[in-house]
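Reminder, nothing fancy here: chain letters follow the sequence lines and each chain counts from 1. The figures here come from the full heavy-atom set of this structure, side chains too, leaving out hydrogens, waters and symmetry mates.
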Amino acid sequence: MSNIRVRFPPSPTGFLHLGTARTAIFNWLFARKEKGVFVLRIEDTDPTRSKKEYETAIMEDLLWMGLKWDEGPDIGGSYAPYRQSERFAIYQEYAQALLKENKAYECFCSADYLEKEREEALVRGAIPRYNRRCRELSNAERVGLMEKGIVPAIRIKTPLQGEIIVEDIIRGNLTFAYQDLDDFIIQRSDKTPTYNFAVVIDDYLMKITHVIRGEDHLHGNTPRQIVVYQELGWNTPYFGHLPMVLGKDKSKLSKRHGAMGVHEYREMGYLPQSITNYLALLGWSAGDERELFDLEELIRVFDLSRVGKSPAIFDDEKLRWVNHYHISNLNEKEIFDISLPYLIRTDYQVDKNDNRLRKLISSIKSSLHRLEELPARIRFYFKSPELFSISPSEREVLDGVRKDVSLWKEDFSFDEANNFLNDLSQKLGLPKKGYLPLIRKTLTGEEKGVELNIIISSLGRDKVLERLDAILTNHEKQ
RNA sequence: GCCCCCAUCGUCUAGAGGCCUAGGACACGGCCCUUUCAAGGCCGCGGCAGGGGUUCGAAUCCCCUUGGGGGUACCA
């Protein structure tokens with residue numbers, strides 16, 4: 001194992017989103033590729049928005065995709081705890097240290113005051129930055145404010161001059177001016193840490209070597225976090241900012257773009273390997289013309305240096321196609337097992353040992369884009385069709401067919417059924433389209449769908465006979 | 001507004017100065033296969049944002065413009 005360590009730090013304020021999942025995939029692939037360690041850390045510093053159920057749901061979705069972590073809140077690890085809410089004392093300790101070294105200071109400004117300042121700045125067209133009025137408070141002033149009962153927040157002292165260079169392994173060197181940053185808060189007045197502070201402390205303490213995350217962190221968070229590293233006297237990890245994933249409207253992918261949760265895609269019948277495959281393709285390519293991979297292959301071909309810089313628009317159509325590919329690649333047992341829940345939830349009576357059903361599903365898998373399409377496609381297998389009336393000439397055709405079928409000693413294979421269907425042309429003296437649509441309608445009630453020979457073979461002699469008889473006797477009654 | 005980033009077919013991308021009359025994939029269109037719907041096979045449509053440089057030579061390097069995105073919290 002190399003000493004490369006990456007982390008995936010979701011905030012449990014909602015279900016795992018496709019955009020977030022992609023970040024997890026890139027981190028995980030990088031870790032596996034480099035034989036490093038993948039850490040799961042829960043960023044629940046905001047107690048009002050964080051929920052335990054989301055934490056559980058996120059972990060389930062990660063596992064479903066096949067992304068197992070080496071260290072995390074549930075399994076522990078050398079740098080536990082892995083839940084930020086359990087690390088508050090640590091953050092406070094470092095905040096105090098910065099205070100003591102005069103690298104941070106207490107700020108007594110009220111939220112209201114700050115809000116008003118910001119609005120005014122916006123109106124003036126100025127940059128809404130904190131005016132640093134508490135930065136040089138005298139001791140006496142501080143004591144005075146304390147005595148008034150005001151609980152201070154802690155702000156870090158950002159250098160007034162100079163610039164920050166972010167060395168990004170995906171984008172190269174980027175420059176930011178300290179002047180565009182302000183003295184941001186590292187510890188709220190309720191003693192909880194802010195994101196940019198907690199992250200730095202954790203990444204450092206957890207010995208994270210590569211911070212790979214979305215570009216949305218690049219312009220605001222990364223420079224601020226570098227300030228924290230510097231004030232603490234720590235070396236920064238390597239940073240790599242992935243290009244954003246955008247929705248059809250070209251804005252950052254979010255709930256506004258409809259169902260974008262991993263779980264929802266799972267429900268629709270997307271395979272985990274389809275999700276990881278497609279998401280890996282957003283912002284990354286193998287360099288040659290291959291683009292269909294399962295997880296293991298992805299590890300082999302993945303290369304962080306092949307990640308691009310420009311944002312990618314999420315394309316549902318292509319995901320569909322990728323899923324179609326992976327479904328086609330499933331073997332008979334796999335596709336059957338994974339299909340069962342979709343059939344059961346459609347209230348079909350499913351027998352888990354039904355070999356014929358198993359063969360049927362396997363034989364039509366390549367026509368599916370999502371598993372949720374399956375029930376409608378093989379409805380004929382579970383439900384008898386509605387009766388309909390036929391003409392005298394149609395009756396003759398079905399009679400002929402019936403006679404033949406009744407001679408079968410056993411059920412037909414796909415090939416045998418096919419031959420049977422073809423031979424009918426001779427016997428009936430009709431072209432195929434003169435009788436095949438009628439047989440289809442009789443057996444399934446539909447005019448289109450699965451190949452007839454598969455239908456006949458799957459239904460078996462008795463059911464075929466039964467459905468022919470149903471139409472025939474219905475005709476007699478009229 | 002200010003700061004930062006990005007820029008090849010509608011979309012995802014290959015392309016790291018001559019291999020490019022720009023390659024692949026999705027989508028789309030046509031044809032074939034086929035009782036039908038899918039699937040599949042074949043063919044096709046379609047792009048280097050614009051303008052300046054640098055160079056014998058630029059999709060590739062530089063600058064400007066334009067366009068798009070992201071960030072501007074006691075959210076993460």
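Rounded to an integer number of Å, the gap from CD1 of A:I313 to P of B:rC26 is 19 Å. Remark: P of B:rC4 and CG of A:L242 are 22 Å apart, rounded to the nearest angstrom. Nucleotide B:rA7 holds its P atom 13 Å from the CG atom of A:L246, rounded to whole Å. Separating the CG atom of A:L443 from the P atom of B:rC37 is a distance of 19 Å, rounded to the nearest angstrom. In this structure, the NZ atom of A:K309 is 13 Å from the P atom of B:rU8, given to the nearest Å. The CG-P distance, from A:L181 to B:rA73, rounds to 11 Å in whole Å. Look at CG on A:L374: it is 15 Å from C1' on B:rC37, rounded to the nearest Å. If you take CG of A:D216 and C1' of B:rC3, they are 16 Å apart, rounded to a whole angstrom.
In this structure A:S425 satisfies the side-chain contact (heavy atoms from CB on, under 4.5 Å) test together with A:Y435, sequence neighbours excluded.
Around the OH atom of A:Y238, the shell of radius 6.0 Å holds no more than 12 heavy atoms that belong to other residues, nucleotides or ligands.
Under the Watson-Crick and G-U wobble criteria, each requiring two contacts below 3.5 Å, nucleotide B:rC2 is paired to B:rG71. Nucleotide B:rC28 is matched to B:rG44 when pairs are restricted to Watson-Crick or G-U wobble geometry with both distances under 3.5 angstrom. Pair assignment for B:rA7: B:rU66, on the basis of Watson-Crick or G-U wobble contacts that are both within less than 3.5 Å.
Checking B:rA76, B:rG69, B:rC26 against the side-chain heavy atoms of A:E317 singles out B:rC26 as nearest. Closest approach to the A:L282 side chain among B:rG1, B:rC12, B:rA76 is made by B:rC12 (side chain taken as heavy atoms from C-beta onward).
Ranked by how close their nearest RNA chain B nucleotide is to the 5' end, A:F314 and A:Q84 are led by A:F314. Of the residues near RNA chain B, A:C107 and A:T175, the one whose nearest nucleotide (by heavy atom distance) lies more toward the 5' end is A:T175.
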Show each protein N/O and nucleotides 39-50 of chain B N/O combination with a separation under 3.5 Å, one pair to a line.
unit_1, atom_1, unit_2, atom_2, d
B:rA39, O3', A:H324, NE2, 3.2
B:rA39, O2', A:S366, O, 3.1

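If you check every strand for non-hydrogen atoms under 4.0 Å, A:K252 touches sugar and phosphate atoms only. When heavy atoms are screened at a 4.0 angstrom cut-off, A:G287 is found touching the sugar-phosphate backbone but no base atom. Among the atoms of the strands shown, base atoms are found under 4.0 Å from some heavy atom of A:L452. At the heavy-atom level, A:E43 lies under 4.0 Å from the strands shown only through sugar-phosphate atoms. Residue-level contact check: A:L114 touches the bases, meaning some heavy atom is under 4.0 Å from a base atom. Residue A:N221 is in base contact, counting any heavy-atom pair closer than 4.0 Å across all strands shown. Residue contacts for A:R213: at a heavy-atom cut-off of 4.0 Å it reaches no nucleic acid atom on any strand shown. Counting any heavy atom pair closer than 4.0 Å across all strands shown, A:R171 reaches sugar-phosphate atoms only and no base atom. Within the 4.0 angstrom heavy-atom criterion, only backbone atoms of the sugar-phosphate kind lie near A:S251; the bases stay farther away. Among the atoms of the strands shown, none is found under 4.0 Å from any heavy atom of A:G308. Backbone-only contact: A:F176 has heavy atoms under 4.0 Å from sugar-phosphate atoms and none from a base. Looking at heavy-atom distances under 4.0 Å, A:T45 makes contact with sugar-phosphate atoms alone, never a base. A:L281 comes within contact range of the sugar-phosphate backbone alone, with a heavy-atom separation under 4.0 Å but no base atom that close. Using a 4.0 Å heavy-atom distance criterion, A:E451 is classed as a base contact.
For A:R155 and A:Y105, the positive end is not near the middle of the six-membered ring at less than 6.0 Å and at most 45° from its axis.
Scanning both residues, A:E55 and A:P12, for their nearest heavy atoms gives N-CB, 3.8 Å. Closest approach of A:V262 and A:A21 over heavy atoms only: CG2-CB, 3.7 Å. A:I164 and A:Y178 make their closest contact through CG1-CE2, 3.3 Å (heavy atoms, listed as atom of the first residue, atom of the second, distance).
Using a cut-off of 4.0 Å between Lys/Arg side-chain N and Asp/Glu carboxylate O, A:R132 and A:D182 are scored as not salt-bridged.
Between A:K432 and the phosphate of B:rU35, there is a side-chain N or O to OP1/OP2 separation shorter than 4.0 Å. In this structure, A:S285 reaches the B:rA14 phosphate: one of its side-chain N or O atoms is under 4.0 Å from OP1 or OP2.
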Can you give me every donor-acceptor pair (side chain of residues 444-455 of chain A, partner residue at least two apart or in another chain, under 3.5 Å) with its distance?
unit_1, atom_1, unit_2, atom_2, d
A:T444, OG1, A:R440, O, 2.8
A:T444, OG1, A:E446, N, 3.0
A:N453, ND2, A:F414, O, 3.2

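Atom C1' of B:rC2 sits at a distance of 32 Å from the matching atom of B:rU60, rounded to the whole Å.
Using a 30° and 60° split on the angle between ring planes, A:W284 and A:F302 fall in the tilted class, from 30° to 60°.
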